[in-house]
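Note that the structure is a prediction, hence the values are computed from the model and not measured. Just so we're on the same page: letters track the sequence lines, and every chain starts at 1.
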Number of protein chains: 2
Amino acid sequence: MNLANSKPCVAFERHDHRDCQHQLMSAAKALCAKRNTRLTRRRLQVLEILLQSHQPMGAYEILAHINKAQSTQLTPQSRKKTINRGALQAVAPPIVYRALEFLLDEGLAHRIESKNAYICCVRPGHQRAAQFLICRGCEKVAELERHDLDLLTDAARVGFTVDSSVVEITGHCADCGKNAS
Amino acid sequence: MNLANSKPCVAFERHDHRDCQHQLMSAAKALCAKRNTRLTRRRLQVLEILLQSHQPMGAYEILAHINKAQSTQLTPQSRKKTINRGALQAVAPPIVYRALEFLLDEGLAHRIESKNAYICCVRPGHQRAAQFLICRGCEKVAELERHDLDLLTDAARVGFTVDSSVVEITGHCADCGKNAS
DNA sequence: AATAGTTATGTTATAATATAACAATATGAA
DNA sequence: TTCATATTGTTATATTATAACATAACTATT
Ligand SMILES: [Zn+2]
Ligand SMILES: [Zn+2]
Ligand SMILES: [Zn+2]
Ligand SMILES: [Zn+2]
């Protein structure tokens, strides 16, 4: 099997990302509805943040986005309360990690192990494990889905039962490769 | 190509590990001598610790081993000095991380990204990227080396230039699979 | 051997990532 | 409503990793 059988590397292709976002968001909502799992406001917010780009984000980066949003949404009263507390009304890490846990469980986001970062899934609902191409130029991450990773076959051959796999290939995408020295 | 072309999964095979350790240590020394890089006492110590098993260790776990060794090697005088300082004469994290950096650069150890942990390389000097089978039962990690990871070919096909790869397969080894429910 | 340049180690402090534990709130079913 | 459960909020802390600078060890040259 060759790449023809894989879907394309969305992240590295010119595309209408606005549309991309909307489609992925709709798909996510549909999936959770079907599964009867709850895509709550917080979870939705984190998903929206991840959907902003095809670049992975650290949990604390996501947190910063949330807090920026919070601070601009403060009413005069809550702003005063915030000031009285002597610090910005900051949302704390567990909020983000729990939302991420949900998104990972539902297959709406992935964790990039080699970067301790998180990225939106571009194929919500896919069954098989994903593989990632990580560009060091533009920092975008493309998600592939091969179903014949020979290595898995080999693993089986030595009696190893596979639960999950992490495949992360780092380098330069076509665009960034051209400009690289 | 099938596994016959790969070397065996040492970690999952019964073997004389004492011998295994000695061989790997000799190979490491030989490599560094040939390359004219310095396998200093600290670096050697960390390598020795990693060679104790085929299970990956966290940096702070390695640190603990070092500190245990230090404390048992204290002379009466230095022990007194230690006590006077009010704390155990503890070696600090950078020591370990720097030794690990050296070992990773020399290809004498690997980082397991999905566990934030480090493991001795069982093929010091190998050129190609390694792939890992991580058992959730015994926690041992086997190192494979395929040179035809099809994914890399596919990456090239979409214009992606590969610098490095992380391939970590988690599951149960043959032994642990039998006992698992 | 003394000197100077370099590499490695030691030390202190702190950054970055992640989770435990418990309180408060919202949701959904009976 | 009332209870049970799931989610969110909050505080504190654990875990992993690095920055910055001081000291010591090694190397090559005089
Ligand atoms: Zn897009
Ligand atoms: Zn790129
Ligand atoms: Zn061994
Ligand atoms: Zn096992």
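- The distance between atom CZ of B:Phe102 and atom P of C:dT9, rounded to the nearest whole Å, is 9 Å.
- Both B:Thr37 and B:Ala92 lie near DNA chain C, and the one whose nearest nucleotide falls closer to the 5' end is B:Thr37.
- In this structure, the CZ atom of A:Arg41 is 13 Å from the C1' atom of C:dT27, given to the nearest Å.
- Within 4.0 Å (heavy atoms only), B:Arg98 reaches at least one base atom of the nucleic acid.
- Atom CZ of B:Arg42 is separated from atom P of C:dT9 by 8 Å (rounded to the nearest Å).
- One can place CG of B:Leu39 at 11 Å from P of C:dA8, the figure rounded to the nearest angstrom.
- Following rounding to the nearest Å, B:Arg38 (CZ) and C:dT9 (C1') show an atom-to-atom distance of 10 Å.
- The aromatic rings of B:Phe160 and A:Phe12 lie parallel to each other, with less than 30° between the two planes, well short of the 60° mark.
- Partner B:Ile119 forms a side-chain contact (heavy atoms from CB on, under 4.5 Å) with one of B:Leu51, B:Ile112, B:Ile134 and no other, that one being B:Ile112.
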Does the side chain to side chain donor-acceptor pair (under 3.5 Å) test come out yes or no for B:Ser114 and B:Glu168, once each step is laid out? CA-CA 7 Å; B:Ser114 56; B:Glu168 298 173 5; 2.5 Å; yes

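- Within the 4.0 Å cut-off from OP1 or OP2 of D:dT7, at least one side-chain nitrogen or oxygen of A:Arg43 is found.
- B:Val166 shares a hydrophobic cluster with A:Val166; the chain of contacts runs through ILVMFWY side chains whose heavy atoms sit under 4.5 Å apart.
- With rounding to whole Å, B:Glu101 atom CD is found 14 Å from C:dT7 atom P.
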Distances under 3.5 Å between nitrogen or oxygen atoms of protein and nucleotides 14-18 of chain D:
from	atom 1	to	atom 2	distance (Å)
D:dA17	OP1	B:Arg111	NH1	2.5
D:dA17	OP1	B:Arg111	NH2	3.0
D:dA17	OP2	B:Tyr97	OH	3.0
D:dA17	OP2	B:Tyr118	OH	3.2
D:dA17	O5'	B:Tyr97	OH	3.4
D:dA17	N7	B:Tyr60	OH	2.7
D:dA17	N6	B:Tyr60	OH	3.2

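- A:Asn36 places its CG atom 8 Å from the P atom of C:dA29, with the value rounded to the nearest Å.
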Show your reasoning for whether side chain to side chain contact (heavy atoms under 4.5 Å, CB included) applies to B:Leu31 and B:Glu106. CA-CA 8 Å; B:Leu31 258 180; B:Glu106 295 296 324; 5.9 Å; no

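- Of all non-hydrogen atoms in A:Arg111 and A:Leu104, the two that sit nearest each other are N-CD2, 3.6 Å.
- Ring pair B:His110/B:Tyr118: centre-to-centre distance not below 6.0 Å.
- Taking 4.0 angstrom as the limit, A:Thr40 places none of its side-chain polar atoms (N or O) nearer than this to OP1 or OP2 of D:dA6.
- Distance A:Leu63 CG to C:dT19 P: 14 Å, rounded to the nearest Å.
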